[in-house]
**Student:** 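Before I ask anything, here is the structure I am working with.
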Amino acid sequence: MSDEPIDRNPDILGGTPVFMRTRVPVRILMEYLEAGDRLDDFLQDFPSVSRDQAVAVLEKARVILAGEQDEAAA
């Protein structure tokens, strides 16, 4: 099993990034948060996504946005 929280598969929603082992696009989580909704609201509406998956995606986004991705690879 992969540690990667995001799947990009051309056979799933045309390659749209989704939460691993789901068909829930990652952008939906971002849209919820941008609208001021809580993580719990998203998780309640998309029960196929676990809290651990959502937190892992947010952590991955934080690392990328903070420029820490290059540091982690070094």
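Nothing here was measured: the structure is a model prediction, and the numbers come from that model.
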**Student:** Out of curiosity, Glu59 CD to Ile64 CD1, how far, rounded to the nearest 0.5 Å?
**Tutor:** 10.5 Å
**Student:** Given side-chain contact (heavy atoms from CB on, under 4.5 Å), test Val24 with Leu29 step by step and report yes or no.
**Tutor:** CA-CA 9 Å; Val24 179; Leu29 171 59; over 6 Å; no
**Student:** Check the hydrophobic clustering (I, L, V, M, F, W, Y; side-chain heavy atoms under 4.5 Å; chains of links allowed) and say if Val18 and Met20 are grouped together.
**Tutor:** no
**Student:** Can you see which heavy atom on Ala61 is nearest to which on Met30, and at what distance?
**Tutor:** CB-CE, 4.3 Å
**Student:** Would you compute the distance between atom CG of Asp7 and atom OG1 of Thr16 and round it to the nearest 0.5 angstrom?
**Tutor:** 11.0 Å
**Student:** Spell out, yes or no, whether Leu39 and Val26 are grouped together once hydrophobic residues are joined by side-chain heavy atoms under 4.5 Å, including indirect joins.
**Tutor:** yes
**Student:** Could you walk me through whether Ile28 and Val49 pass side-chain contact (heavy atoms from CB on, under 4.5 Å), step by step?
**Tutor:** CA-CA 11 Å; Ile28 301 294; Val49 178; over 6 Å; no
**Student:** How long is the span from the CG atom in Asp45 to the CG atom in Asp37, to the nearest 0.5 Å?
**Tutor:** 8.0 Å
**Student:** Could you measure the distance from the OH atom of Tyr32 to the CG atom of Asp40? Nearest 0.5 Å is fine.
**Tutor:** 12.0 Å
**Student:** Considering all heavy atoms of both residues, which atom of Ile6 and which atom of Pro17 are nearest to each other, and what is their separation?
**Tutor:** CG2-CB, 3.8 Å
**Student:** Any idea how Phe42 and Phe19 line up, ring-wise: parallel (<30°), tilted (30 to 60°), or perpendicular (>60°)?
**Tutor:** tilted
**Student:** Can you find a heavy atom in the side chain of Leu13 that is under 4.5 Å from one in the side chain of Arg23?
**Tutor:** yes
**Student:** If you look at every heavy atom in Pro5 and Lys60, which pair is closest and at what distance?
**Tutor:** CG-CD, 4.2 Å
